[in-house]
Amino acid sequence: MSKDTKNWRQQTQLVRGGTNRSPFGETSEALYLTSGYVYDSAEQAEARFKGENEGFIYSRFGNPTVAMFEERMALLEGMPCARATATGMAGVTAAMLCHLSTGDHVVASRALFGSCRYVIEDLLPRFGIESTLVDGRDLDAWAAAMRSNTKTLFLETPSNPTLEIVDIKAVADIAHANGARLVVDNVFATPILQQPYKLGADVVVYSATKHIDGQGRCLGGVVLCEEDFLKDHLQQFLRQTGPSLSPFNAWVMLKSLETLDLRIHAHAKGALDVANAIAEHKNVSRVLYPGRSDHPQFELANRQMTEGGSVVAFDIKGGKESAFRTANAFNLIDISNNLGDAKSLITHPETTTHQRLTAEARAELGIGSGLMRLSVGLEDPLDIIEDLNQALDKA
Ligand SMILES: *Cc1c(COP(=O)(O)O)cnc(C)c1O
């Protein structure tokens, strides 16, 4: 990749970054649906395994279509390295397990995607890696949780489902002052609205299943990092444990990236309109959206994100019964726990995504019986608003 292409702006990287054409000169990126590769000679095979000859060996650890997707992600994020994984959770798990060992300590914000919270709270401690969960909004809590063996800090911002904002730069500073790393799950913001690496994060992870695919088709994940982290930790872990992204899914993601910027701005514009409309409804007691000035951390959200994102959370008066009556009355919006789709999707976190948590843990996170999480899709916002209003009338 020449210097010039590295300087392309984000929108150009989304369309062209990492493109590696075959001798056929195809316009669109090629799909290399192959598990293995053949060699010209036994000598070439030997050289390739020794690392003396560049080229692919086996698709568990390298494939031309997957490599194009990884290169495009690295260029658009402005980070040196990217590795794709089969799912977002495979990426989060690899980003943690690849470098942590028994005796290490992790600090994380407690407002996490359910499976991320399982990895930090349940899985790591089984292997002697201790973890402390803190209120991510409270910088003193992060600092107080640091120990001499704290290796890694982990956070998600905006968080799922209550859209809490964590100050990435301040937490990165706390990590680095203690010789620790910061890993950021940037799923809700996407690289279009927030770039954690520029704010000091060391590792950035995505579920590509969400806005990167954006059309609800394929699972996928990405881990972005610097060369040392890749070489010392991530590369070997992925190569030997094999949570690889399928070339087919990588091809879908690669093509989806071409429209990511257009889609994310449309999602965010729609979400703001929808949030403003919901706030006016008599059966709604609270709206949480990082792009609205009544968000409790609007100033911070405004500083580290360029727009509020695609997800809106709101409390319906009357608790679970009212929330269910509303959900069952939608004509357009679908009941689904996925998010970042072109279709508007709504879920009731208490009884679905956050059912596993204790009532106390849910209360700490502000997940009440009337809370709904709406992923605003790419339909006309006026149709989404009409559907919300008629369903909320029945709450
Ligand atoms: C969905 C999600 C994940 C997990 O991604 P999968 O692709 O479903 O494995 C991780 N973090 C956040 C914030 C998510 O929304």
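Source: prediction; values computed, not measured. Every number for a ligand or one of its atoms is a count from 1 in the order of the listing.
Comparing T157, V187, D185 against atom 11 (N) of ligand 1, the shortest heavy-atom distance belongs to D185. For atom 6 (P) of ligand 1, the candidate residues are S159, A189, G88; the nearest heavy-atom contact is made by G88.
Considering backbone and side-chain N/O of E156, none are found under 3.5 Å from N/O of ligand 1. At a 3.5 angstrom cut-off on N or O pairs, T209 counts as close to ligand 1. Residue L219 has no nitrogen or oxygen atom sitting less than 3.5 Å from a nitrogen or oxygen atom of ligand 1, judged on distance alone.
Near G220, meaning under 4.0 Å from one of its heavy atoms, ligand 1 places the atoms 7 (O).
A cation-pi geometry, defined here as NZ or CZ lying under 6.0 Å from the six-membered ring centre and within 45° of its normal, holds between K320 and F324. Remark: K169 fails to qualify as a cation-pi partner of Y197 under the 6.0 Å distance and 45° angle criteria applied to the six-membered ring.
Not a single heavy atom of A208 sits closer than 4.0 Å to an atom of ligand 1.
K343 and D334 are not joined by a salt bridge, as no carboxylate oxygen comes within less than 4.0 angstrom of a charged side-chain nitrogen.
Enclosure of atom CZ in R16 is not indicated, since only 12 or fewer non-hydrogen atoms of other residues, nucleotides or ligands lie within 6.0 angstrom. With a 6.0 Å radius and a threshold of 12 heavy atoms from other residues, nucleotides or ligands, Q240 has its CD atom above the threshold.
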